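Here is how names work: the chains are called A, B, and so on, in the same order as the sequence lines, proteins then strands, and each is numbered from 1. Bear in mind that the values here come from a model prediction, so they are computed numbers and not experimental data.
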Amino acid sequence: MIVRTRFAPSPTGFLHIGGARTALFSWAFAKKHKGDFILRIEDTDVARSTPEAVQAILDGMHWLGLDYDEGPFYQMQRMDRYKEVIQKMLDEGNAYYCYCSREELDALRENQMQQGVKPRYDGRWRPETGKVLPQPPQDVSPVIRFRNPQSGNVVWNDLVKGEISIANQELDDLIIARGDGTPTYNFCVVVDDWEMGITQVIRGDDHVNNTPRQINMLMALGATIPQYAHLSMILGDDGQKLSKRHGAVSVMQYHEDGYLPEAVLNYLARLGWSHGDDEIFSMQQFCEWFDLDHITPSAAQFNTEKLNWINAHYIKQASAESLAADITQRLVKLGANVSEQPNLLAVINLYKERVSTLNELATNIAYFYQKPVMDAAAAEKHLTNDIKPVIAALAELLKAADWQAESIHHAINEVVTQRQLKFPKVAMPLRVMLTGIAQSPSIDQVMALLGKDEVLARIEQVLK
RNA sequence: GUCCCCAUCGUCUAGAGGCCUAGGACACCUCCCUUUCACGGAGGCGACCGGGGUUCGAAUCCCCGUGGGGACGCCA
């Protein structure tokens, strides 16, 4: 049987890191088995769903390169079909009308909570043989409930968590259609997973408790039960739950912060899944290796430090050419004027092994394209009066120098030898004058790229 | 409260009863490289939640406890 997986977000916000990992695992599972990956937008909560959120999810998936074979399907466009199935369930006695008002239900729930029992519908409108139902009130438009079995257990072998068993007694008759006739989440999922032929449902483990209900409905409909794999959640850097209020960020924020999609993907792949000691691997490799057996059932804490390390790796590995367009944008954002010279590719190559994000890269090389911002502490420490004559002498030598890193190095060495100094004694003030800070790659290479005129101008600026 | 799930270094994890003196990675520390800072290289620190079983033998299986999380909506 062909594998068919799906990612089914509700468009109430951006694609966050947890959703991205769920999508990644579903996607990889389909790829691994040469199956289909389906995108389904669960937008039945009209009040909270927005087109902007749909777009944000699409953007996030596109940035990560998580392409889908089918969809996006929108549940709001499948209303007719849901209503047909509801009618079928009504006809077959698997569903029934319930005329309880919200107030009535609230009171029931509160009462049960107080008594310390699990709040659930008491079945007062559930038809039973020999039972006399109350007279339907005129002013209530009824909801439709699924007639859940009352005995036995629902058992499934979760592909991540192992066997899970829940007693039907713990379940109640859930609402599958609202008073206005629109179907609810648990029902739409059932119809869609069934009719879209989903073979493995890979989703967050906040859905574990929905699974027995869904299985019961699937069985009532005579549908094939898919396999389920419930992924545990991702905690924030601080070990706290990620929520809209606390720490949850869009995957697009990682783009903005200068992370490469391949780094985010690689990091996410290793969060909760492993393949021996392998840490760095391509998505192609991941799709070959991926399986559900090596997913941890426990929650994982997000670790930005490690993401940074992986990102640094991918930046190092990337060609300057592939980074140039992105870096240009970031430089412009920093207010730098990216001109022909110094050559951006050469500058990127000089710096890409030293940074862990693209923002860091852009920030670090900005001084090539705009006047350096002088770090006060560095200036005070290195731009001492006794060194200024030395630099002035060097400037004279440089004026005549052939502008190559090697000849620049020679010029500096000449001054260093003449004055009987250590190399850093000259290199450090130079570094601060030219870059504004006390850290940079080899100063001769920096100077070579910066250009003779600019170097002399910057030295002059400080000396005068 | 009720039900469900989870539990190995600070963090991500390896581990399917003997290969475990518990392995790798990030972080941290030391040293090396060096023109500063990084990068890189070599070392180091550091964990099986507790208690009972089962077994010749348990990080691995079972039970209890503890701790954490999730679910209990006319949200998804």
request  = List the protein contact pattern of nucleotides 46-51 of chain B with one symbol per nucleotide (5' to 3'): B for base contact, S for sugar-phosphate-only contact, - for none; contact means a heavy-atom distance under 4.0 Å.
outcome  = ------
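- Side-chain atoms of A/N359 and A/T357 include no donor-acceptor pair closer than 3.5 Å.
- The side chain of A/A427 approaches B/U35 more closely than any other nucleotide in the set B/U13, B/G73, B/U35.
- Closest heavy-atom contact between A/W289 and A/K32: O-NZ, 4.0 Å.
- Between the side chains of A/Y254 and A/N311, no donor N or O sits under 3.5 Å from an acceptor N or O.
- Side chain A/H409 to base B/U35: a donor-acceptor pair is found below 3.5 Å.
- Taking atom P on both nucleotides, B/U8 is separated from B/C61 by 13 Å, rounded to a whole Å.
- B/G40 and B/C4: their P atoms are spaced 49 Å apart (whole Å).
- B/G40 atom C1' lies 14 Å from atom CH2 of A/W309, rounded to whole Å.
- Within the 4.0 Å cut-off from OP1 or OP2 of B/A14, at least one side-chain nitrogen or oxygen of A/S274 is found.
- Nucleotides B/U13 and B/C49 have their P atoms positioned 15 Å apart, rounded to a whole Å.
- Seen from the ring of A/F146, A/R213 does not count as a face-on cation partner, given the 6.0 Å and 45° thresholds.
- Of all nucleotides listed (B/C4, B/U11, B/U35), B/U35 comes nearest to the side chain of A/S442.
- With a 3.5 Å ceiling on both atom-pair distances, B/G57 lacks any Watson-Crick or G-U wobble partner.
- Considering only side-chain atoms of A/E353, the nucleotide from B/C74, B/A76, B/C39 that sits closest is B/C39.
- With both pairing distances under 3.5 Å, B/C49 is matched to B/G65 as a Watson-Crick or G-U wobble pair.
- Ring pair A/Y267/A/F302: centre-to-centre distance below 6.0 Å.
- At B/C39, none of the side-chain N or O atoms of A/K352 fall inside 4.0 Å of OP1 or OP2 (strictly under the cut-off).
- Remark: the A/D386 side chain and the A/T384 side chain contain an N/O donor-acceptor pair separated by less than 3.5 Å.
- Distances shown here put every side-chain N or O of A/R109 at or beyond 4.0 Å from the OP1 or OP2 atom of B/C72.
- Separating the C1' atom of B/A25 from that of B/G44 is a span of 16 Å, rounded to the nearest Å.
- In this structure, of B/C6, B/A25, B/A71, it is B/A71 that holds the atom nearest to the side chain of A/N209.
- Judged purely by distance below 3.5 Å, without hydrogens or angles, the side chains of A/E262 and A/N266 never pair a donor atom with an acceptor atom.
- To the nearest whole angstrom, the two C1' atoms, one in B/G52 and one in B/A16, are 24 Å apart.
- Comparing atom distances between the A/D206 side chain and each of B/G73, B/A71, B/C4 picks out B/A71 as nearest.
- In this entry B/C72 has B/G1 as its Watson-Crick or G-U wobble partner, both defining distances falling under 3.5 Å.
- The side chain of A/D444 lies closest to B/U35, out of B/U35, B/C26, B/G70.
- Rounded to whole Å, the separation between the P atoms of B/A76 and B/C26 comes to 44 Å.
- No donor-acceptor contact under 3.5 Å links the side chain of A/R120 to the base of B/U2.
- Between A/Y121 atom OH and B/A71 atom P there is a gap of 25 Å when expressed in whole angstrom units.
- A/Q301 has its CD atom 12 Å from the P atom of B/G69, to the nearest Å.
- B/A22 and B/U34 are spaced 38 Å apart, taking the C1' atom of each and rounding to whole Å.
- Residue A/S298 has its side chain nearest to B/C6 when only B/G24, B/U35, B/C6 are considered.
- If you take atom P in B/U55 and the same atom in B/C3, they sit 32 Å apart, rounded to whole Å.
- The side chain of A/K118 lies closest to B/C3 when the candidates are B/C3, B/G69, B/G73.
- On a pure distance criterion of 3.5 Å, a polar donor-acceptor pair joins the side chain of A/D277 and the base of B/G23.
- Residues A/F7 and A/F37 place their aromatic rings such that the two centres sit no closer than 6.0 Å.
- Across the strands present, B/U21 finds no partner; the criterion is a Watson-Crick or G-U wobble pair with both atom distances under 3.5 angstrom.
- Residue A/I164 has its side chain nearest to B/C5 when only B/U13, B/G1, B/C5 are considered.
- With the nearest nucleotide of RNA chain B identified for both A/M113 and A/M428, A/M113 has the one nearer the 5' end.
- Base pairing of B/C26: its partner is B/G10, meeting the Watson-Crick or G-U wobble criterion (both donor-acceptor distances under 3.5 Å).
- Judged by distance alone, with hydrogens and angles left aside, A/E279 brings a side-chain donor or acceptor within reach of the base of B/G24, the pair sitting under 3.5 Å.
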